[in-house]
Amino acid sequence: MKEYLRELPATHILQNDQRFIEIVKKRDIPLQKLTEWIQGEINEIRNLFLIGEWNEGTPSKELLGDLIFKKVERYASQFKKYHLKRVINGTGTILHTNLGRARLSKQAIEQIVLTAENYSNLEYDIEKGRRGSRSDTLEAVLKDVTGAEAAMAVNNNAAAVYLILRALAHNKEVIVSRGQLVEIGGSFRVSSIMEESGAKLVEVGTTNKTHLYDYEQAINEETAMIMKVHTSNFKTIGFTESVSTEQLVNLSSKHREVISYEDLGSGALYDFQKHGIGDEPVVSEVLRMGVDLVSFSGDKLLGGPQAGIIAGKKELINKLKKHQLARALRVDKMTMAALEATIKSYIQGGNTIKAIPTVRDILTSTDVIKNRVEQFINSLEKSTWYYEIQEGTSQIGGGTMPDIAIPTIVVALRHNKLNSQQVADCLRAKEPAVISRIKDDQVLLDFRTITEEELPILINCFRHFVT
Ligand SMILES: *Cc1c(COP(=O)(O)O)cnc(C)c1O
């Protein structure tokens with residue numbers, strides 16, 4: 001294939017090609033960028049010739065030019081688009097980890113924009129006219145909403161767990177029930193984080209049963225902490241037993257040096273149990289039982305930005321704040337802005353809480369969902385689509401309340417020419433992409449996670465479906 005090499009067009013020839021000039025004009029792409037792409041393509045083809053893997057027939061200058069411009073045109077069309085973009089979540093999973101977990105409230109977004117666009121008192125005490133403390137902003141609202149003596153926020157809950165273990169249990173022992181050595185989302189493992197932190201994991205009990213005496217027997221001078229981990233994404237059922245938070249608090253209080261710490265995972269600030277949804281304890285309740293420290297995520301049930309919140313005893317939080325790692329794991333001002341606004345919605349209470357999309361979407365009634373379904377169905381081209389309105393279930397997601405299925409209404413769709421996979425592929429190719437589920441060769445759309453504002457976009461997407 002080496003003889004093909006002489007067919008490779010030279011860069012300067014392609015730069016003078018009409019198509020080059022058109023792309024520059026039409027797409028407003030920097031000349032240098034376009035030249036880079038062309039050179040990249042030429043090199044790639046040259047390489048295929050040299051390693052003998054060219055399999056697109058006998059090349060000519062013309063054919064290669066066409067191929068190169070086709071590729072370059074594709075790069076040019078993507079050049080100004082963002083990789084990270086909005087999608088429409090038709091899966092019904094509210095905290096879909098792959099789709100960015102929690103959507104933020106309007107208030108949180110406004111606060112982000114305001115602090116991003118302007119200077120702020122991030123580390124400035126306006127009253128005294130001098131340097132202030134960065135942690136004050138969040139600590140006040142976090143204390144208020146959790147009832148804790150002290151609180152702080154870090155990058156995410158994984159960081160919170162790491163900081164706590166590293167700062168308070170380095171080279172010491174941490175007792176954890178075998179039934180709680182969880183792995184979350186494939187990248188967070190309690191045992192691995194523990195190892196990384198330099199704390200020594202002491203496993204007690206068995207997978208299905210751990211008794212108080214298991215913990216009791218494991219305590220010695222080396223014990224720094226008893227850690228309870230919320231088994232967020234799985235449930236053990238049947239012959240099981242775990243030790244309650246109260247019992248663990250009681251046990252640790254008998255040993256002055258032993259800290260009780262609960263990794264709550266999701267950390268609900270709203271009582272979903274009240275609506276018959278799950279059995280997630282509210283954070284303030286757990287703290288009221290006397291746990292020394294708790295940590296939880298900002299973007300799970302709480303419905304805020306990605307963050308890890310630590311709340312509990314002042315003496316311990318102070319140690320964490322002073323640790324070098326706290327600086328490395330700290331949250332940025334935009335996260336602070338969003339988190340403060342989200343927490344404020346909880347503090348204000350009443351209907352303000354429903355301004356938080358995660359809470360709102362979990363509580364949305366099937367009547368409301370049915371109404372969205374009807375609007376969608378009415379707009380559907382009936383000669384193209386077969387549809388069925390079905391009762392279904394939505395998941396909370398984000399490794400939260402794995403056993404909870406919230407009743408919902410879904411539309412099951414079939415196209416008169418395309419199979420379900422093709423329909424789902426077409427939906428994902430839309431802008432914004434629509435993410436659906438496939439079941440029994442039907443495409444399912446759950447309208448719990450499709451808002452009123454998103455409906456017109458979705459409807460439009462189906463109106464211009466044929467691609
Ligand atoms: C989700 C979760 C984590 C990790 O939290 P991120 O905020 O995703 O880092 C840690 N522990 C438990 C129990 C969890 O459920």
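When a ligand or atom number is given, it counts from 1 through the structure's own listing order.
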Between Lys228 (side chain only) and Val243 (backbone N and O only), is there a donor and an acceptor less than 3.5 Å apart? yes
Element-labelled atoms of ligand 1 that are located less than 4.0 Å from some non-hydrogen atom of Ser297: 5 (O), 6 (P), 7 (O)
Check: Asn157 side chain, Ala160 main-chain N or O, donor-acceptor pair, under 3.5 Å: no
Which pairs pass side chain to side chain donor-acceptor pair (under 3.5 Å) with one or both residues in residues 163-176, sequence neighbours excluded? Glu173-Asn220
Do the two ring centres, one from His255 and one from Tyr215, sit under 6.0 Å apart? no
Ala158 neighbourhood, listing ligand 1 atoms whose heavy-atom distance to it stays under 4.0 Å: 4 (C), 5 (O), 6 (P), 9 (O)
Within-shell test, Lys228 vs ligand 1, heavy atom, strictly < 4.0 Å: no
Would you say the side-chain atoms of Arg372 pair up with the backbone N or O of Phe447, donor to acceptor, closer than 3.5 Å? yes
Should you measure from each heavy atom of Phe188, which atoms of ligand 1 turn up under 4.0 Å away? 10 (C), 11 (N)
Which atom pairs, donor and acceptor, lie under 3.5 Å between side-chain atoms of residues 89-97 and protein residues at least two apart or in another chain?
from: Asn89; atom 1: OD1; to: Thr91; atom 2: N; distance (Å): 2.9
from: Asn89; atom 1: OD1; to: Thr91; atom 2: OG1; distance (Å): 2.5
from: Asn89; atom 1: ND2; to: Thr93; atom 2: O; distance (Å): 2.9
from: Thr91; atom 1: OG1; to: Thr93; atom 2: N; distance (Å): 3.1
from: His96; atom 1: ND1; to: Asn98; atom 2: N; distance (Å): 3.3

His230 heavy atoms, cut-off 4.0 Å: which ligand 1 atoms fall inside? 13 (C)
Less than 4.0 Å is my threshold; does some heavy atom of Asp263 fall inside it relative to ligand 1? yes
Tell me which part of Gln180 gets within contact of ligand 1: side chain, backbone, both or neither, using heavy atoms under 4.0 Å. neither
Lys300 and ligand 1 - part of the residue with a heavy-atom distance under 4.0 Å: side chain
Does the pair Glu36 and Lys33 meet the rule for a salt bridge (charged side-chain N to carboxylate O under 4.0 Å, His left out), with working shown? CA-CA 5 Å; Glu36 238 173 65; Lys33 198 84 226 158; 3.1 Å; yes
Ligand 1 atoms nearer than 4.0 angstrom to some heavy atom of Arg101 are 6 (P), 7 (O), 8 (O)
